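To start, the structure under review is shown below, and the notes come after it.
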Amino acid sequence: MKKIVVVGGGAGGLELVTKLGHAFGKQRQADIVLIDRSQTHIWKPLLHEVATGSLDINNDGLNYRAHAAKHHYQFQLGTLIGVDPKARQLTLKSLSDDKGHLVLPERRIEYDILIMAVGSVSNDFGTPGVAEHCYFLDSHKQAERFQQALLNQFLRIHQEGVDAKLKLAIVGGGATGVELSAELFHVADMLKAYGMPEMSGKRVQVQLIEAGPRILPALPERIAAQATKELVRLGVVVSQATRVVSAHEAGFETADESDIEADLMIWAAGVKAPDFIGDIDGFETTRNNQIIVRSTLQTTSFDNVYVIGDCCACEQLDGSFVPPRAQSAHQMASLVFDNIKASFLSETLKSYTYKDYGSLVNLSRYSTVGNLMGNLMGGSMFIEGRMARFVYVSLYRLHLIAIHGWFKATIILAAQKISKVVKPKLKLH
């Protein structure tokens with residue numbers, strides 16, 4: 001019996017392992033295994049809401065082990081630290097508890113087919129002080145760590161009186177930085193209802209710092225311009241063409257030797273695949289450690305290794321690489337599923353073509369802007385307001401349907417709405 005291993009339970013990896021479980025695991029045609037370093041899945045575009053407390057992962061997260069039991073695959077908790085493609089073997093890091101006691105030793109797992117879906121991490125470009133003084137939002141654990149620090153800072157300025165301000169600096173004008181900037185104002189306003197009557201968005205000072213000429217560089221200019229307008233209206237200081245050269249305990253230093261003061265600093269500039277990927281013998285990688293693949297999403301050297309999501313470098317006809325977005329991970333997962341089925345039947349594998357269905361940026365309850373259709377119709381349609389918000393929420397619903405099915409996804413969405421009525425709208429602990 002073949003063993004199919006998926007490493008990484010992000011949007012693409014979880015959707016793929018769910019399909020594989022139903023197609024092959026249910027009938028015992030193959031052993032399906034998911035490996036992830038976390039016990040819990042959360043849709044990555046929502047991490048900024050976890051970071052502000054708008055979303056509680058204890059209520060809205062998915063437990064891999066429980067999901068595996070219902071969808072005919074196995075789950076193994078572990079951090080991948082090595083791949084030997086020639087021996088068809090993975091190495092997982094030893095696992096210890098919070099007191100340093102060994103729970104699991106270093107393990108080796110064999111496979112027949114491997115799917116690398118390890119995602120991406122923030123790229124600090126070696127900027128001095130960033131690793132020591134900044135918060136990152138690559139995982140729900142990092143997001144929860146920032147949420148605790150944010151809550152503590154809100155408590156501090158509330159205690160200090162109405163004149164106290166909370167200064168936050170966010171480096172990176174991509175979707176994460178933009179959406180987090182808006183969400184911070186929303187959370188500050190909501191704290192009025194939870195024992196902080198003097199709190200409001202006016203007591204928050206957010207500076208969004210982007211090294212390029214405009215925020216949202218990967219999206220159409222009209223979306224970036226509208227998002228900038230909305231952020232400025234909220235009170236965000238949008239600093240474009242501003243390069244950070246170092247971080248220190250009290251803020252950032254820029255290339256023009258200016259200081260940006262901050263009580264909390266978030267680094268959301270640039271992404272790369274995990275560093276260990278660049279050390280795997282036989283994988284061709286980019287300078288950002290992404291694994292270069294053929295059009296079938298197989299690695300250039302190994303037919304039994306596929307790559308999807310942010311860690312995948314798939315070249316398009318125009319010479320550019322497929323952008324690291326949730327929609328591309330979803331499309332890649334579907335294609336790899338089809339190709340694995342085809343390989344079992346000795347059929348010809350399909351080539352991947354990225355389809356851009358548009359982009360949306362959600363500025364909390366204040367606004368949502370974006371474009372629909374992308375290259376689907378040879379052009380795009382700019383949308384904003386309620387329609388854009390509806391489409392944005394629908395993307396999350398489609399993800400739930402992909403990993404749970406229609407019936408359970410509907411129940412989950414209904415339960416989430418009920419939960420918002422009976423529970424606090426903010427995580428306060």
Side-chain angles (χ1 to χ4, degrees), residues 44-49 51-52 122 137 168-189 201-202 204-244 252 254-256 258 260 266-271 318 320-328 354-396:
K44 196 169 183 179
L46 295 179
L47 278 178
H48 70 282
E49 294 189 24
T52 58
S122 295
L137 301 181
L168 301 108
I170 303 169
V171 177
T176 297
V178 169
E179 293 181 334
L180 178 61
S181 297
E183 193 68 29
L184 288 166
F185 285 89
H186 180 211
V187 169
D189 283 332
K202 295 179 180 179
V204 174
Q205 295 180 350
V206 179
Q207 186 161 353
L208 180 62
I209 307 161
E210 167 58 40
R214 65 176 175 90
I215 64 170
L216 302 174
L219 303 186
E221 191 168 344
R222 185 177 179 185
I223 296 177
Q226 185 63 27
T228 302
K229 180 180 176 181
E230 292 291 339
L231 290 176
V232 171
R233 184 179 63 81
L234 283 175
V236 178
V237 177
V238 181
S239 300
Q240 299 171 132
T242 302
R243 186 169 63 89
V244 169
F252 292 111
T254 65
D256 62 1
S258 298
I260 297 174
I266 304 96
W267 189 271
V271 295
D318 63 0
S320 65
F321 287 105
V322 174
R325 297 181 187 170
Q327 63 175 309
S328 54
Y354 172 61
K355 296 178 181 178
D356 183 4
Y357 293 111
S359 304
L360 293 166
V361 178
N362 180 42
L363 304 178
S364 190
R365 65 180 175 86
Y366 305 106
S367 180
T368 302
V369 296
N371 68 326
L372 288 183
M373 301 305 181
N375 60 25
L376 188 63
M377 296 178 62
S380 63
M381 178 178 68
F382 180 81
I383 60 171
E384 60 181 321
R386 290 183 179 179
M387 180 181 177
R389 174 65 180 172
F390 173 79
V391 176
Y392 184 89
V393 172
S394 296
L395 296 176
Y396 175 55

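Just so it is clear, the model here is predicted, and its values are computed rather than measured. Residue numbers start at 1 and run along the sequence shown.
Within the 3.5 Å criterion, the main-chain N or O of Asn362 finds a donor-acceptor partner in the side chain of Glu179. Distance alone, capped at 3.5 Å, places no donor-acceptor pair between the Thr242 side chain and the Ile209 backbone. Between the side chain of Ser181 and the backbone N or O of Gly177, at least one donor-acceptor pair lies under 3.5 Å.
Residues forming a side-chain contact (heavy atoms from CB on, under 4.5 Å) with Gln327 (at least two apart in sequence, or on another chain): Arg325, Gln331, Tyr354, Asp356, Tyr357.
In this structure, Leu234 CG and Leu363 CG are separated by 7.5 Å, a value rounded to the nearest 0.5 Å. Taking OG1 from Thr52 and CG from Leu47, the interatomic distance works out to 10.5 Å, rounded to the nearest 0.5 Å. Taken from CZ in Phe185 to CG in Leu168, the straight-line distance is 8.5 Å, to the nearest 0.5 Å. Atom-to-atom distance recorded for Gln205:CD and Leu184:CG is 12.5 Å, nearest 0.5 angstrom.
Within the 4.5 Å cutoff, the side chain of Gln226 has no heavy atoms near those of the Ile223 side chain. Counting heavy atoms from C-beta on, the side chains of Val206 and Ile170 come closer than 4.5 Å.
What you find for Gln240 and Ile215 is that their closest heavy atoms are OE1-N, 3.1 Å. Nearest heavy-atom pair, Ser328 versus Pro323, reported as atom, atom and distance to 0.1 Å: OG-O, 2.9 Å. Heavy atoms only, all atoms of each residue included: Pro217 and Gly173 are closest at CD-O, 4.1 Å. Residue Leu46 comes nearest to Tyr396 through the heavy atom pair CD1-CE1, 3.7 Å, listed as atom of the first residue, atom of the second, then distance. Residue Arg214 comes nearest to Ala224 through the heavy atom pair NH1-CB, 3.1 Å, listed as atom of the first residue, atom of the second, then distance. Closest of all the heavy-atom pairs between Leu216 and Ala175 is CD2-N, 3.7 Å.
The number of heavy atoms from other shown groups lying within 6.0 Å of CZ (Arg243) does not exceed 12.
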